[in-house]
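Quantities reported herein were computed from a predicted structural model and do not represent experimental measurements.
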Amino acid sequence: MSKELDTLSVNSIRILSADAIQKANSGHPGLPLGAAPAAFTLWSRFLNANPANPKWENRDRFILSGGHGSMLLYSLLHLFGYGLTVEDLKNFRQLNSLTPGHPEYGHTVGVEATTGPLGAGLGMAVGMAVAEKHLAATFNREGYDVVDHYTYAIAGDGCMMEGISSEAMSLAGTLKLSKLIVLYDSNNISIEGSTDIAFTENVRKRFEAFGFQTLLVEDGNDVDAIAAAIEEAKADTERPSLIEIKTKIGAGCPAKEGKSSAHGEPLGEDNIAALRENLNWPLKESFAVPQEVYDYIKELTKKSQAAEDEWNALFADYAAKFPELKEKWDAYFGDSDAASKLYDIPEFAKAQEKPTASRNASGEVINILKDAIPNLIGGSADLSPSTKTYMNGAGDFSAATPEGRNMHYGVRELSMAAIGNGITLHGGLKTFVSTFFVFSDYLKPMARMSALMKIPTTFVLTHDSIGVGEDGPTHQPIEQLATFRTIPNLLTFRPADYSETAAAWYTAMNSKDRPVAIVLSRQNLDSLPAGVGKNSCKGAYVAYDSEGTPDAIIIATGSEVGIAKQAKDTLDAKGIKTRVVSMPCMELFDEQSDAYKEEVLPAAVTNRVSVEAASTFGWDRYASKHVGIDTFGASGPAGELFKLFGITADAIVEALS
């Protein structure tokens with residue numbers, strides 16, 4: 001390593017970042033200027049990631065949890081040969097550019113996760129480390145460590161303040177995720193000024209309590225000290241590591257260094273000129289980098305190609321020696337057809353022998369899936385006995401048994417969802433997370449991130465209505481269905497029986513580019529006619545009908561489909577030909593052809609009512625009358641609550657008569 005070239009390379013990151021933010025007249029220069037030495041040290045000396053093959057399975061993962069400092073990452077991707085051009089940097093924060101304001105997964109090559117909300121990146125990094133540890137336990141054999149990589153994250157004071165970081169790091173320490181290394185950009189500045197106004201804790205002591213090795217680098221410009229700390233972190237095979245690196249926000253800019261004004265606004269032309277002078281930058285032209293920096297970094301990246309070449313040779317030997325594991329690897333990492341076979345599972349045609357809660361039906365389906373899809377891993381926020389999400393015989397994932405497939409997240413809904421996203425992002429695994437539906441408010445920000453990133457994390461959300469009963473309004477979801485349905489690119493399923501539940505899981509396991517929320521009942525539900533459940537893969541279908549064109553249509557979901565059937569029988573007896581439409585997933589129904597939608601909901605039949613034990617918000621596009629709940633619930637037996645709030649067959653009959 002050349003100290004002179006290291007310094008020039010670090011300053012290249014700083015100058016490119018400052019120039020791009022200035023040109024956009026928008027952005028956050030403070031983090032890129034302060035954290036550039038740490039990031040360059042990591043990327044140049046430690047990060048095993050091949051720009052020529054950004055999806056190499058055994059690459060190290062790098063997460064910029066402080067996503068507002070995105071120009072740090074974009075400058076790295078440009079300098080290290082990931083295909084971002086100078087023109088891309090010049091288009092920072094512009095419409096349709098490859099350099100949006102915060103890094104976006106799937107949009108820019110080399111971005112491992114979308115990091116917008118502070119701390120979310122730390123949660124996803126934990127998920128990636130979980131995936132690495134589980135896959136290593138599954139596939140590695142003596143002399144053949146085919147899964148052997150690190151997850152690195154850079155996080156700042158804001159990430160450390162957010163509660164999600166404590167949730168996620170606490171679990172990381174418990175699980176002894178020793179290949180997780182967090183570089184803490186510690187500059188004691190936030191938007192409002194010194195962090196002392198709201199944040200005086202000893203972060204290293206907190207992480208030590210979580211079970212982390214904690215290290216300190218006093219000078220954030222000392223690349224050798226940073227490198228030594230990373231080496232020490234890697235040497236600890238029992239604990240994850242936090243490296244606190246003391247930096248100065250806006251480092252190198254005389255008028256801004258160490259000040260909150262460096263955080264979120266362009267430096268200004270005069271300050272950029274002063275930055276260039278202070279750094280002894282040799283070029284005056286904006287976005288110009290000395291050729292010797294490009295040459296130096298190109299030489300450094302040769303080790304990445306060599307690392308992958310070495311791994312490829314190892315894997316070839318591994319495949320020859322363990323053909324059954326190679327076949328399993330292909331199923332995990334390839335486009336397996338295991339999920340497509342689920343369409344033929346008997347549960348689609350199963351008529352329940354007796355009323356069954358959809359959470360119980362889901363539990364049975366999960367235990368079919370665990371055998372059909374061996375790379376399925378998942379768990380709950382300390383609720384698997386209630387959410388019925390435990391995979392029997394699949395073992396528990398822990399520090400001692402990383403081969404286990406049942407995750408125990410503890411009471412940590414927000415970080416659970418972020419960790420689930422990280423597992424999905426890592427690749428090789430399918431995952432689900434679970435809690436009571438009312439607590440989805442705690443995980444919704446990460447469900448939103450799943451949808452934004454277009455990744456198929458599955459959310460199992462039980463106790464779906466006032467049917468929860470005696471626990472009362474704190475545990476009875478009202479507005480949550482409407483809330484989830486407003487999230488773009490998220491499918492929300494509320495199945496009405498066993499077969500619809502199987503259809504929801506079929507949809508989730510076959511999803512490639514969007515998450516699925518499966519919302520399930522605590523109380524028992526009657527069975528629909530045998531075999532109709534497959535139709536719910538279209539979002540809605542005719543569950544019960546009368547001869548000829550109906551006079552009225554009841555549109556219901558979940559437990560209310562049974563109530564709708566009771567109302568239909570009464571209406572039919574009164575001479576009102578009634579159709580019951582089960583609509584477990586609005587989003588899928590809206591995607592069907594106009595012909596199918598007309599077949600299910602004929603436009604000429606305007607006498608319609610929606611029935612759902614939840615907020616009526618969002619139902620106006622299907623019906624003008626509603627039987628629902630637009631207040632909070634109450635504590636009492638479920639049957640009495642349905643009567644109290646008017647979720648009854650009589651109310652439906654009255655609405656349509």
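- Side-chain contact, Arg239 with Ser178: no donor N or O sits under 3.5 Å from an acceptor N or O.
- Applying the side chain to side chain contact (heavy atoms under 4.5 Å, CB included) test between Trp43 and each of Thr301, Leu79, Leu76 identifies Leu76 as the sole match.
- For the side-chain hydrogen bond (donor to acceptor under 3.5 Å, both in side chains) test, residues two or more places apart in sequence or in another chain that qualify with His149 are Asn58, Arg61, His426.
- With sequence neighbours excluded, no residue forms a ring-ring contact (aromatic ring centres under 6.0 Å, His included) with Tyr74.
- Between the side chain of Asn489 and the backbone N or O of Ala451, at least one donor-acceptor pair lies under 3.5 Å.
- Screening residues 212-254 for ring pair (Phe, Tyr, Trp, His ring centres under 6.0 Å), with sequence neighbours left out, gives Phe207-Phe212.
- Remark: Asn375 engages no residue in a side-chain hydrogen bond (donor to acceptor under 3.5 Å, both in side chains) (not counting sequence neighbours).
- The ring pair (Phe, Tyr, Trp, His ring centres under 6.0 Å) contacts involving residues 240-282 comprise His28-His263, His68-His263, where partners must be two or more places apart or lie in separate chains.
- Met446 CE to Ile419 CD1: the interatomic distance, rounded to the nearest 0.5 Å, is 11.5 Å.
- Classification of Lys3 and Asp224 as a salt-bridged pair holds, one side-chain N sitting under 4.0 Å from a carboxylate O.
- Other residues, nucleotides and ligands place no more than 12 heavy atoms under 6.0 Å from the NZ atom of Lys176.
- Looking at Ser65, its side chain does come within 3.5 Å of a backbone N or O of Leu122 through a donor-acceptor pair.
- Applying the side-chain hydrogen bond (donor to acceptor under 3.5 Å, both in side chains) test to Asn91 and every residue at least two apart in sequence or in another chain returns nothing.
- The pair Lys90-Asp19 does not count as a salt bridge, with every side-chain nitrogen at least 4.0 angstrom from each carboxylate oxygen.
- Legend: residues meeting ring-ring contact (aromatic ring centres under 6.0 Å, His included) with Phe322, ordered by chain and number and at least two apart, are Tyr144, Tyr318.
- Side chain to side chain, Thr401 and Ser398 meet the donor-acceptor criterion of an N or O pair below 3.5 Å.
- The side-chain hydrogen bond (donor to acceptor under 3.5 Å, both in side chains) pairs that include a residue from residues 155-169 are Asp157-Tyr184, Ser166-Arg206, Glu167-Ser415, where partners are two or more places apart or lie in different chains.
- The aromatic rings of Trp311 and Trp329 sit tilted, their planes meeting at an angle between 30° and 60°.
- By the ring-ring contact (aromatic ring centres under 6.0 Å, His included) test, His134 pairs with no residue at all, sequence neighbours left out.
- If you look at Phe287 and His78, their ring centroids are not closer than 6.0 Å.
- Ionic pairing of Asp6 and Arg45 is present here: one or more N-O contacts between side-chain nitrogen and carboxylate oxygen are shorter than 4.0 angstrom.
- Listed by chain and residue number, nothing satisfies the ring-ring contact (aromatic ring centres under 6.0 Å, His included) test with Phe92 (two or more places apart in sequence, or in another chain).
- Judged by the 6.0 Å and 45° rule, Lys234 forms a cation-pi pair with Tyr150.
- Side-chain contact check for Thr195 and Ser190: no donor-acceptor pair (N or O, by modelled atom type) lies under 3.5 Å.
- Side-chain polar atoms of Glu244 and Ser186 form a donor-acceptor pair below 3.5 angstrom.
- Partners of Lys205 by side-chain hydrogen bond (donor to acceptor under 3.5 Å, both in side chains), not counting sequence neighbours: none found.
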- Candidate pair Lys246 and Glu218, rule salt bridge (charged side-chain N to carboxylate O under 4.0 Å, His left out), full reasoning: CA-CA 5 Å; Lys246 291 292 187 180; Glu218 291 281 8; over 6 Å; no

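- For the residue pair Thr247 and Asp185, a side-chain donor N or O sits within less than 3.5 Å of a side-chain acceptor on the partner.
- Salt-bridge annotation for Asp219 and Lys248: absent, with no side-chain N of the basic residue lying under 4.0 Å from a carboxylate O of the acidic one.
- No donor-acceptor pair under 3.5 Å is formed between the side chain of Ser260 and the backbone N or O of Glu192.
- Listed by first and then second residue, the side-chain hydrogen bond (donor to acceptor under 3.5 Å, both in side chains) pairs involving residues 101-127 are Arg59-Glu112 (not counting sequence neighbours).
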